[in-house]
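Everything below concerns the one structure shown next.
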Amino acid sequence: MPSFQSSDSIAAAPVNSIYEPIASSKNRPIYPQENYYIEQPAAPGAYLGPIDASLPNSDKVPLLFQPFTIKDLTIPNRIVVAPMCMYSSLDGFFTNFHLASIGSFAINGAGLIIQEATAVLPNGRITPGCAGLWDDAQVFKLKEIVDFVHAQGSKVGIQLAHAGRKVNFLASAGAPYTKYPESAFWPEDVIAPSGGAHLQWDKHHRVPRELSLAEIQRVIDAFGAAAARAARAGMDTVEIHGAHGYLIHNFLSPLTNQRTDHYGGSLENRARFLLEVVKAVRANFPAEKPIFLRVSASDLVEEVEGIEASWEIEQTIQIAKWVRDAGVDVLHVSSGGNTAQQKILTAPGYQVPFAEQIKRAVPGLAVVAVGIILDGPQAEEVLKSEKADLVAAGRTFLRHPNFALNAARELNVKAAFSQQYSRGRTIHG
């Protein structure tokens, strides 16, 4: 049966926006045929059987291609597209580029796609080209993307973020294809838990100013409001960005949090902002849907001379227990990003040990491993060794949007193809 997706409910909802549309359905007719989709009998990337039943262990389904369920979300395989900044938005709006990019991952078998870091406030972007969800008008295109992904049988979430002090004022350093005038930035509104020249990330970033208590509450409320908009768009999950030196990570780490009030000092105080964000997001996102949290397990400065207090794995394990009890269902474990002094030794799977430590120490919390995941056997080994529940890849998907289908072939798995792409299964005909 052909499938039609309707946006009537979201279109009928009141829109509170500072942006003026240039056209509406009165100017451009909307035809239901434009929302026609071919029904997929199985989600691309779902397990159908072995490619060669004569091979050893072909009767066993690799863990990477077993479904994973958390609350009401069932992912057809254990492969996650990690959020990646595209620097391709204007005023935070998603575009047809995002539809094509995210859609390609869904067509090619990714089980769950987490959309890029999406700012909850205008000053929460890394650059003026970053995506946002601070305005009701930004929901419409986002829902188109969600509807497309769902029509393919895949699942989709969005990462909610505030960049804090890491606003890149040399835009070419973050996105060589994008040039912004100085007027596009917010030099007087770069915020952090603590301010001052000693907390400037590097010469390409502005000196941050310290958030007032009222401003902290405004950011917390913005996370909640963005979660509500994500729910209106039909997102299967939201991921709170608490990693990579952005605002939540700034609060957690004693390197960047030098406050003397109840948001600074002890670990309990430094974690307060994160826990209040979790509470706001959980209150504004459907209870039956899971919430992910991205964390940096370490500031990666243990070997840097002169640094005594930083963020490290033992503190991450403790806050993992707290956020689990506060309503987080899945922890997405990364590292670094909070200081230019960090020492990162990259190699395939280099962050997996952090995920493993958290998974072993915090029962009842699902864990995503990430960090240069290159192929199916590597991802399968992470799961077989019980180091994580899901495996995420980022740049590997940029090189190979069909990474999931390639991984299936490497593991002797006959995976479902999108019906329109099914002739690509073989090189003949």
Compare all side-chain heavy atoms of Phe223 with those of His162 and state whether any distance is below 4.5 angstrom. yes
So, taking the atom named CG in Leu398 and the one named OG in Ser104, what distance separates them when rounded to the nearest 0.5 Å? 9.0 Å
State whether the side chain of Arg324 and the backbone N or O of Gly327 hold a donor-acceptor pair below 3.5 Å, judged by distance alone. no
State the CD1-OG1 distance between Ile291 and Thr237, to the nearest 0.5 angstrom. 7.0 Å
Ignoring hydrogens and geometry, is there a side-chain-to-backbone donor-acceptor pair from Gln351 to Val370 under 3.5 Å? yes
Please examine the side chains of Leu255 and Gln341, heavy atoms only from C-beta on, and report whether any two atoms are closer than 4.5 Å. no
Are a donor atom and an acceptor atom from the side chains of Ser101 and His98 found within less than 3.5 Å of each other? no
What I'd like to find out is whether the side chain of Ile102 reaches to under 4.5 Å of the side chain of Gln115, using heavy atoms alone. yes
Any donor-acceptor pair under 3.5 Å linking the side-chain atoms of Gln318 with those of Gln315? no
Are more than 12 heavy atoms from other residues, nucleotides or ligands located less than 6.0 Å from atom OH of Tyr350? yes
For Leu112 and Phe292, which heavy atoms make the closest approach, and how far apart are they? CD2-CZ, 3.7 Å
Salt bridge (Lys or Arg N to Asp or Glu O under 4.0 Å) between Lys141 and Glu144: does it pass, once the steps are laid out? CA-CA 5 Å; Lys141 195 66 181 183; Glu144 283 187 39; 3.1 Å; yes
Hey, are Asp147 and Lys143 close enough for a salt bridge, meaning a charged N less than 4.0 Å from a carboxylate O? yes
Salt-bridge criterion met for Lys71 and Asp236 (N-O under 4.0 Å): no
Is it true that a side-chain atom of Gln378 and a backbone atom of Ile372 form a donor plus acceptor pair closer than 3.5 Å? yes
Heavy atoms of other groups near Glu386 CD, more than 12 under 6.0 Å: no
Interatomic distance, Leu411 atom CG to Tyr47 atom OH [nearest 0.5 angstrom]: 10.5 Å
Worked verdict on Arg409 versus Asp375 for salt bridge (Lys or Arg N to Asp or Glu O under 4.0 Å): CA-CA 10 Å; Arg409 186 172 59 254; Asp375 55 38; over 6 Å; no
Would you say the side chain of Ser194 lies within less than 4.5 Å of the side chain of Asn257, judging by non-hydrogen atoms? yes
Any heavy-atom pair between the side chains of Val146 and Met235 that's under 4.5 Å? yes
Less than 4.0 angstrom from a charged side-chain N to a carboxylate O is my criterion; do Asp136 and Arg229 meet it? yes
Is a side-chain N or O of Gln342 found less than 3.5 angstrom from the main chain of Ile344, in a donor-acceptor match? no
Interatomic distance, Glu188 atom CD to Arg209 atom CZ [nearest 0.5 angstrom]: 9.0 Å
Do Arg218 and Glu215 meet the salt-bridge criterion of a basic N to acidic O distance under 4.0 Å? no
Backbone of Tyr263 reached by a side-chain donor or acceptor of Arg270 within 3.5 Å: no
Quick check against the 3.5 Å criterion: does Gln40 have a side-chain atom that pairs as donor or acceptor with the backbone of Ala42? no
Please determine whether a side-chain nitrogen of the Lys or Arg among Glu356 and Arg360 lies less than 4.0 Å from a carboxylate oxygen of the Asp or Glu. yes
For Trp322 and Leu267, what are the C-alpha separation, side-chain angles and deciding distance, and is it a side chain to side chain contact (heavy atoms under 4.5 Å, CB included)? CA-CA 11 Å; Trp322 290 340; Leu267 177 58; 3.9 Å; yes
Checking the side chain of Asn284 only, and the main-chain atoms of Ala225 only, is there a donor and an acceptor separated by less than 3.5 Å? no
Can you name the closest pair of heavy atoms from Ile79 and Phe65 and give their distance? CD1-CZ, 3.9 Å
How far does CD1 of Ile319 sit from CD1 of Ile248, to the nearest 0.5 angstrom? 9.5 Å
Could you go through the side chain to side chain contact (heavy atoms under 4.5 Å, CB included) check for Asn338 and Asn250 one step at a time? CA-CA 7 Å; Asn338 197 39; Asn250 293 164; 3.0 Å; yes
Shortest non-hydrogen contact between Leu64 and Gly376, atoms and distance: CD2-O, 4.1 Å
By the definition side-chain contact (heavy atoms from CB on, under 4.5 Å), identify the one residue from Phe397, Tyr421, Phe403 that meets it with Asn108. Tyr421
Begin with the C-alpha distance, continue with both residues' side-chain angles, and end with the deciding distance and a verdict on side chain to side chain contact (heavy atoms under 4.5 Å, CB included) for His205 and Arg165. CA-CA 8 Å; His205 295 75; Arg165 67 177 182 153; over 6 Å; no
Short question: side chain of Asn77, backbone of Gly111 - any donor-acceptor pair under 3.5 Å? yes
Is Gln152 reaching over with its side chain to a backbone N or O of Phe148, donor-acceptor style, under 3.5 angstrom? yes
Any Val413 side-chain heavy atom under 4.5 Å of Pro62 side chain: yes
When you compare the side chain of Pro193 with that of Leu247, does any pair of heavy atoms fall below 4.5 Å? yes
When you look at Leu211 and Phe273, which way does the side chain to side chain contact (heavy atoms under 4.5 Å, CB included) test go after all the steps? CA-CA 12 Å; Leu211 281 161; Phe273 177 68; 5.9 Å; no
Side-chain heavy atoms of His244 within contact of Arg294, under 4.5 Å: yes
Taking all non-hydrogen atoms of both residues into account, name the closest pair between Ala184 and Pro128 and its distance. O-CG, 3.6 Å
Closest non-hydrogen atom pair, Ser335 against Leu300: OG-CD1, 3.6 Å
About how many Å separate CG of Leu274 and NE2 of His249, when rounded to the nearest 0.5 Å? 11.5 Å
Is the backbone N or O of Glu116 less than 3.5 Å from a side-chain atom of Thr118, with the two atoms forming a donor-acceptor pair by type? yes
So for atom CD, which belongs to Glu303, do other residues, nucleotides or ligands contribute more than 12 heavy atoms lying within a distance under 6.0 Å? no
Pair Asn406, Glu410: side-chain N/O donor-acceptor within cut-off below 3.5 Å: no
Least distance between heavy atoms, Ser296 atom then Thr316 atom: O-OG1, 3.8 Å
